[in-house]
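Heads up, the thing below is written out as structure tokens.
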Amino acid sequence: MKRSHFVFSLVPILFLSALTCAADDPTAQDLIDRRAKEKTPVWTDGDKATFFFQGDAEQVTLIVGGESKQLRRLLDSDVWTLTIDRPGLEKGVFSYALTPGKKGEPAFKPGQALNFEKWRGPKAPPAPAGAKELKGTEKTLDIESKILNEKRKIKIYLPPGHDPTKSYPVVYAADGMTNGDIVEPLILVGKLPPMIVVGVSSGSYRGDRGKPYKIKEDLRACEYLPGVDDGRFAKHEKFFTEEVRAWAEKELGASGDRKERAVYGVSNGGRFSAEMGLRHPELFGHVYAFSVAGIRSSEPKAKAADLPYFHLAAGTWEKSFHKITLGVADKLKELNVPVVFVSRVAGHDDAMWRDEFAAALIRAFGKDTASREVPLSLLGSWQNQDEEKEVIHFEPAKSISVRVGQPESLKIKRVSWEPGELTFRYWASKKVYGYELKDRALSLRELPDGKMTRYRRMDKAPVDVQLKPLTLSSSKDIPEDQVASIREELARRGKIDQEVRTNKDKMKDMPKVDADNTKYLIKLIGDVGWIDVERFGAKTAHHAFLIVQHSGHIPLMLAALPPIEKDVKAKQLDAQPYALLYDRLQVNLGEKQRYGSQLGTNDSGELVLMPLEDAGRVEEIRKEIGLFPLSKYLKFFEKQNGGKPVKVAEDD
């Protein structure tokens, strides 16, 4: 775990509503023994994290992921504890501090430095390297603002060997952040060019902290969130984009090229950075906006192709911020703006923000990512000039090829890039294309000697590529005669579904049958909701599953998976439909499967098992939901394959 010092000046602090105490308290000695064994004041069991403190205090406050909660003192002891539930904890990260104090007193005072530790789950992404001592320079300065009519603190990071007469890529950050200890190791190992960070402080809270919070008294909110105080926001915007930028370019050698400028912020600052990207696309080539706050958003002041690349991230434990940030990402994608959204198992937490800041820096300015990710100039949607229904939509490190108006043909492919060349991968197979980009037109030529296909850039991304689940009607009560009619019709369709897959003479009819069944089911669930076991019975629910599974219709599959999972967890439906649908959806989305149910063929025509999320535990994972061993499953296909063994698709 890594210790950090954070100074709390943000208001208000979010309180943990999701924290729950353990039902059965361990004894004080149990906790002391566990603390000695773990050698840390926090340990985890599944999705539960237990915090421990021992000492003389009237209260002990836990601050974790931007939230706070009181620990409980065990009777007749000096041991304090609290257990919290956090879904997906093994993939999570959080920072925490335990602060003892007197009863009734605030856990911390504004501006007080707290010693934070970081906890990282065994399956969480690795932390970026952190420098204990900087070879470069990090310092705080005051600059006079004529626009604000006051001095403001600016914290800067300058790389080793900084020369103000040279030009450097620059990140302009809200809340005085520099993260020099993250930036410098990436520079020293050659992953980033020498660059500078300019952290610009906001105004402080002018109200009485002993009274209820007033947003109008919070200069940080006024300066960062549009709509709180339009006058103050406009002044700070001008200060940030004009005075600070001009000062940094003159005094520090900050680049004047928009492609070498990024703007960064978290929470309220995340909204501010997003706003600066939308309002000033001529200034910034990249926006890093994490855990975005606020609900008001500006309309872009440029065409999609001229807007910055947006790097967005939020934690699944910070539900409102996650929803807002995802909404920003979805809106940008609709407009065809280059954007990547990363959903992390984390809270409103510096532990996650630091991880994603490093990732965003490499994505924007990295020296070693060009061979993997699609260039920014290609991101967005492109329409085939000869076949209008065909669209290719590029996102970072993957693409979506789709026929507009026919979501059933949507397919995700991972894409890697080399100068003049694109490689499209669908797990077991790949195709390589030469490409040329000129005057908003893209030409792809299948290598080595394939035909040329030309595409034109679209101003707005088609709705098909947005990967949103269909909207289901609520599961309302319906008349028994209607239930009987639906059961009969789905049984008929389920029988035909199987016939075209088992009768060689009828296999030619499979595409038409699947398309007809898909159209019928989409209309049906739009009228009566999902075909669940409770209302229609297990057989009918299974017939509905078969139609979804064979539809290839990703919005339908996304909508069907949660209610099928619900029936499985309630033990009303066999686990196999859920496993099959989960895996097929993952594979269609270009991700790894969990249960090992999906096979395909490689470029040599060999039968292969698509890559697994956790190959070492797949048998255990299958057993947990009641599936028979994967080895037995593969033996069946080996027999069908003339005795040839099933290979494993390469994960490249």
Drop me the distance from [X]'s [atom1] to [Y]'s [atom2], to the nearest 0.5 angstrom.
X: R206; Y: K214; atom1: CZ; atom2: NZ; value: 12.0 Å
X: I32; Y: Q54; atom1: CD1; atom2: CD; value: 4.0 Å
X: Y595; Y: Q586; atom1: OH; atom2: CD; value: 10.0 Å
X: F272; Y: Y224; atom1: CZ; atom2: OH; value: 6.5 Å
X: L312; Y: S343; atom1: CG; atom2: OG; value: 12.0 Å
X: T61; Y: L98; atom1: OG1; atom2: CG; value: 9.0 Å

Any side-chain donor near an acceptor of the partner, [X] and [Y], under 3.5 Å:
X: E223; Y: S202; answer: no
X: S291; Y: W353; answer: yes
X: Y157; Y: E184; answer: yes

So, do [X] and [Y] sit near enough that their side-chain heavy atoms are less than 4.5 Å apart?
X: P159; Y: M195; result: no
X: R594; Y: D583; result: yes
X: P629; Y: K623; result: no
X: R72; Y: W80; result: no
X: T325; Y: F341; result: yes
X: F52; Y: V79; result: yes
X: R152; Y: L148; result: yes
X: D78; Y: D56; result: no

Item to check | Evaluation steps, side chain to side chain contact (heavy atoms under 4.5 Å, CB included), between Q59 and Q70 | outcome: CA-CA 7 Å; Q59 68 177 20; Q70 299 300 314; 3.7 Å; yes
Next on the checklist: Determine whether L278 and F310 satisfy the following criterion, side chain to side chain contact (heavy atoms under 4.5 Å, CB included), listing intermediate values before the conclusion.
Outcome noted: CA-CA 10 Å; L278 293 171; F310 281 76; 4.0 Å; yes
So, for [X] and [Y], which heavy atoms are closest and what is the spacing to 0.1 Å?
X: P563; Y: W530; result: CB-CD1, 3.4 Å
X: P469; Y: L558; result: CB-CB, 3.7 Å
X: A173; Y: M177; result: CB-O, 3.3 Å
X: P185; Y: G130; result: CG-C, 4.1 Å
X: V287; Y: S273; result: CG1-O, 3.5 Å
X: A351; Y: S95; result: CB-N, 4.0 Å

Given 3.5 Å as the limit, does a donor-acceptor pair link the side chain of [X] with the main chain of [Y], or not?
X: D218; Y: I215; result: no
X: E356; Y: F290; result: no
X: D567; Y: V533; result: yes
X: K216; Y: V228; result: yes

Checklist entry - Distance under 6.0 Å and angle within 45° of the ring axis: does R86 meet both against W317? => result yes
Item to check | Ring-face cation of R622 near F628 (centre distance under 6.0 Å, axis angle within 45°) | outcome: yes
Item to check | Residues which pass salt bridge (Lys or Arg N to Asp or Glu O under 4.0 Å) with K135, listed by chain and number, not counting sequence neighbours | outcome: none
Item to check | salt bridge (Lys or Arg N to Asp or Glu O under 4.0 Å) partners for R35, two or more places apart | outcome: none
Checklist entry - Is there a side chain to side chain contact (heavy atoms under 4.5 Å, CB included) between I625 and V568 once you walk through the steps? => result CA-CA 9 Å; I625 65 167; V568 170; 5.8 Å; no
Checklist entry - Please walk me through it: do R617 and D614 pass salt bridge (Lys or Arg N to Asp or Glu O under 4.0 Å)? => result CA-CA 6 Å; R617 291 186 60 248; D614 191 344; 3.8 Å; yes
Next on the checklist: Please verify the inter-ring angle class for F240 with H236; under 30° counts as parallel, over 60° as perpendicular, anything in between as tilted.
Outcome noted: tilted
Checklist entry - What orientation do Y288 and H286 show, parallel under 30°, tilted 30 to 60°, or perpendicular over 60°? => result tilted
Item to check | Worked check of salt bridge (Lys or Arg N to Asp or Glu O under 4.0 Å) between R354 and D349 | outcome: CA-CA 9 Å; R354 286 169 62 86; D349 197 327; over 6 Å; no
Checklist entry - salt bridge (Lys or Arg N to Asp or Glu O under 4.0 Å) between E90 and K123: does it pass, once the steps are laid out? => result CA-CA 5 Å; E90 64 178 4; K123 293 188 177 181; 3.7 Å; yes
Distance-only criterion, 3.5 Å: show the donor-acceptor pairs between side-chain atoms of residues 572-581 and protein atoms not counting sequence neighbours.
{"residue": "D574", "atom": "OD2", "partner": "Q576", "partner atom": "N", "Å": "2.9"}

Is any side-chain N of the basic residue among [X] and [Y] closer than 4.0 Å to the acidic one's carboxylate O?
X: R120; Y: D355; answer: yes
X: D175; Y: R220; answer: yes
X: K468; Y: E334; answer: yes
X: K151; Y: D142; answer: no
X: K569; Y: E565; answer: yes

Next on the checklist: For I295, is the CD1 atom crowded, meaning more than 12 foreign heavy atoms sit under 6.0 Å from it?
Outcome noted: no
Checklist entry - Does CG in D76 sit with more than 12 non-hydrogen atoms of other residues, nucleotides or ligands closer than 6.0 Å? => result no
Item to check | Proximity of Y205 and Y213 rings by center, below 6.0 Å | outcome: yes
Item to check | Pair Y264 + F357: ring centers closer than 6.0 Å | outcome: yes
Item to check | Y96: which of F51, F116, F53 passes ring pair (Phe, Tyr, Trp, His ring centres under 6.0 Å) | outcome: F51
Next on the checklist: Please evaluate residues D532 and R535 with respect to the criterion salt bridge (Lys or Arg N to Asp or Glu O under 4.0 Å), reporting the C-alpha separation (whole Å), side-chain torsions for both, the decisive distance (0.1 Å), and the verdict.
Outcome noted: CA-CA 6 Å; D532 54 352; R535 293 184 301 159; 3.0 Å; yes
